[in-house]
Amino acid sequence: AIKRITGRRSCRNCGTVYHVDFSPPKVTGVCDKCGGELYQRDDDKVETVRNRLYVYYKQTSPLIGYYFAKELLAEVDGAQPIQTVSEQLKAMVASRLGR
């Protein structure tokens with residue numbers, strides 16, 4: 001997660017998002033679409049990401065056990081294609097709403 005988040009770069013002009021490893025621009029630091037400067041947002045820096053993950057594990061993660069115990073937890077494999085994940089989520093929500 002840290003590598004994925006900290007590798008993100010955004011264009012100052014048009015907002016296009018790149019990743020230094022997974023979706024790099026043709027020229028390092030330059031937006032392919034408008035030629036604008038690419039930068040790393042403060043909330044994408046390593047120390048900020050590590051803190052966000054700490055807060056997640058400390059404050060949010062316990063909710064998984066809570067909802068599991070109440071049999072309200074639904075799981076989806078997020079490594080599947082986006083369309084598949086989206087369809088599964090919609091189906092789960094619909095079934096919970098009785099539709």
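Keep in mind that what you see is a predicted model, and the values were worked out from it rather than measured.
In this structure, the side chain of H19 does not engage the main chain of R9 through any donor-acceptor pair within 3.5 Å. Counting only distance, with no hydrogens or angles, the side chain of Q80 and the backbone of D77 share a donor-acceptor pair below 3.5 Å. The closest donor-acceptor contact from the side chain of T60 to the backbone of V55 lies at 3.5 Å or more, if one exists at all. Side-chain atoms of Q40 come within 3.5 Å of backbone N or O of D44 as a donor-acceptor pair.
For the pair C11 and G36, the tightest heavy-atom approach, listed with the atom from each and the gap, is SG-CA, 3.9 Å. The two atoms that bring K33 and Y18 nearest to each other are N-OH, 3.7 Å, heavy atoms only. The two atoms that bring V76 and M92 nearest to each other are CG2-CE, 3.3 Å, heavy atoms only. Residues T16 and C14 come closest through the heavy atom pair OG1-SG, 3.0 Å. Taking all atoms of both residues into account, the shortest heavy-atom contact from P25 to L38 is CG-CD1, 3.5 Å. Residues T48 and D42 come closest through the heavy atom pair OG1-O, 3.2 Å.
Side-chain heavy atoms closer than 4.5 Å link hydrophobic residues (I, L, V, M, F, W, Y) into clusters, and following such links, possibly through other members, connects Y57 to Y67. L72 and Y66 fall within a single hydrophobic cluster, where Ile, Leu, Val, Met, Phe, Trp and Tyr are joined by side-chain heavy atoms under 4.5 Å apart, directly or via other members. Cluster membership for V30 and V20, using ILVMFWY side-chain heavy atoms within less than 4.5 angstrom, is not shared. One hydrophobic cluster, built from ILVMFWY side chains closer than 4.5 Å, cannot hold both V49 and V17; they sit in different ones.
Counting heavy atoms from C-beta on, the side chains of D21 and K3 come closer than 4.5 Å. At least one side-chain heavy atom of K58 sits under 4.5 Å from a side-chain heavy atom of Y54.
Figure legend: cation-pi geometry between R12 and Y39, with NZ or CZ positioned under 6.0 Å from the six-membered ring centre and within 45° of its axis.
Between K26 and D32, no side-chain nitrogen of the basic residue sits less than 4.0 Å from a carboxylate oxygen of the acidic one, so the salt-bridge criterion is not met.
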